[in-house]
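Have a look at the structure below before the remarks.
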Amino acid sequence: MNSEFKHVAIIMDGNGRWATQRFRPRVWGHVRGSAVVSDIVQAADDLGVGALTLYAFSTENWRRPNEEVSVLFKLLHKFLLKERARLIANQVSFKVIGDTTRLSPATKKLIADLEAETANFNGLKLTFCFSYGSRMELVRAVNRFMEENPGKELKEEDLDHFLMRPETGDVDLLIRTGGEQRVSNFLLWQIAYAELCFTPTKWPDFTVSEFQRILQSVGQRERRFGGLSPKAVTTENKQAQAIHV
Ligand code: FPP
């Protein structure tokens with residue numbers, strides 16, 4: 001299958017509740033969730049998705065207990081060690097966006113090395129949003145634009161260029177697992193015309209087959225980007241001629 005979704009973004013929610021329901025600590029949900037990340041990255045690549053952007057840690061997640069934050073940081077580190085070779089073999093172009101300053105020097109180095117090594121690959125564009133918030137990204141973009149273009153009026157296309165990973169473009173499909181129906185400060189600019197899919201499945205239970213089903217079923221929705229379908233235009237033209245305003 002060659003997915004028609006050039007850019008899929010996922011809010012991987014429900015880890016904590018998944019673990020609590022099983023009488024395990026919340027962090028167990030993140031551990032299980034990180035295995036799902038590996039499966040979905042591979043599936044996105046196999047299914048011909050162009051770009052996959054994953055919300056791994058939000059600016060708001062800093063409010064969580066230190067122990068939970070530290071597990072999330074360790075899982076990122078482990079993911080990079082475990083998946084590095086596979087990402088390179090599959091020509092995946094990897095990038096982390098967000099504020100990575102508080103990651104350990106070792107994790108920062110792993111990220112920098114992998115980003116440099118995969119920068120020119122033309123396979124799946126995989127982005128991890130870590131300590132990321134869309135408002136922060138937008139404010140940063142506007143400030144950078146003003147620094148580089150003093151006195152110039154900002155246009156929509158200018159802003160795109162100053163986002164943290166401009167080459168991934170607009171999001172075509174946003175999936176949120178875990179049953180909540182909100183966007184939580186994630187890619188607010190990029191999801192302007194995205195199809196939205198909210199599934200009750202908690203992230204550790206999310207499977208490649210559900211991912212595939214979502215891509216297939218949402219792929220059948222008609223996307224009009226504020227316009228009309230060609231069929232509706234023909235019908236509308238005929239009917240409009242009969243109305244005199
Ligand atoms: C939301 O679940 C999920 C997160 C805050 C982190 C997502 C992280 C992973 C999927 C694992 C990390 C993996 C890598 C590779 C970085 P939640 O804890 O808010 O769930 P809840 O709503 O049930 O509490």
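Every number for a ligand or one of its atoms is a count from 1 in the order of the listing. The basis for the numbers below is simple: all heavy atoms, side chains too, and nothing from hydrogens, waters or symmetry mates.
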Problem - Salt bridge flag under 4.0 Å for residues K155 and E157 - result: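 The answer is no: the pair does not qualify as a salt bridge.
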Handout entry: R86/E83 ion pair, N-O < 4.0 Å
Key =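 Result for this pair is yes, salt bridge flagged.
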Handout entry: Within the 6.0 Å centroid threshold, strictly below: Y55 and F128
Key =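 No; F128 has its ring centre 6.0 Å or more from that of Y55.
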Exercise for the section: State yes or no: are the ring centers of F73 and W62 separated by less than 6.0 Å? Expected result: yes
Exercise for the section: Could you tell me whether N61 approaches ligand 1 through its side chain, its backbone, both or neither, with non-hydrogen atoms closer than 4.0 Å? Expected result: side chain
Problem - Side-chain heavy atoms of I10 within contact of T53, under 4.5 Å - result: no
Practice task
Please confirm whether the backbone N or O of W18 pairs with a side-chain atom of R22, one donor and one acceptor, at under 3.5 Å?
Solution key: yes
Nearest-neighbour protein heavy atom for [atom], which is reported as residue plus atom name and distance:
atom	value
atom 3 (C) of ligand 1	M12 O, 3.1 Å
atom 6 (C) of ligand 1	A56 O, 3.2 Å
atom 10 (C) of ligand 1	N15 ND2, 3.4 Å
atom 14 (C) of ligand 1	S34 CB, 4.3 Å
atom 11 (C) of ligand 1	H30 O, 3.6 Å
atom 21 (P) of ligand 1	R17 NE, 3.5 Å
atom 19 (O) of ligand 1	R64 NH2, 2.7 Å
atom 24 (O) of ligand 1	R26 NH1, 2.9 Å

Practice task
Pull out every atom of ligand 1 sitting under 4.0 Å from any heavy atom of F79, numbered as shown with elements.
Solution key: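 Counting from 1, the qualifying ligand atoms are 15 (C).
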Exercise for the section: Under 4.0 Å from a heavy atom of L72: give me the atoms of ligand 1 that qualify, with their elements. Expected result: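 Atoms satisfying the 4.0 Å criterion: 6 (C), 8 (C).
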Exercise for the section: For P65, check side chain to side chain contact (heavy atoms under 4.5 Å, CB included) against everything at least two apart and list the hits. Expected result: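 For P65, the residues satisfying side chain to side chain contact (heavy atoms under 4.5 Å, CB included) (neighbours in sequence not counted) are E67, E68.
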Problem - G14-ligand 1 polar pair, N/O distance under 3.5 Å - result: yes
Handout entry: Heteroatom proximity flag, D13 to ligand 1, N/O under 3.5 Å
Key = yes
Practice task
Answer yes or no for W203: is there a heavy-atom contact with ligand 1 below 4.0 Å?
Solution key: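 Under 4.0 Å: yes for W203.
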Practice task
Give the cluster check for V69 versus V27: same hydrophobic cluster or not, with ILVMFWY residues linked at side-chain heavy-atom distances below 4.5 Å.
Solution key: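 Hydrophobic grouping puts V69 apart from V27.
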Fill in the blank from the handout: Distance col, row S93:OG vs R165:CZ, nearest 0.5 angstrom, shows 4.0 Å
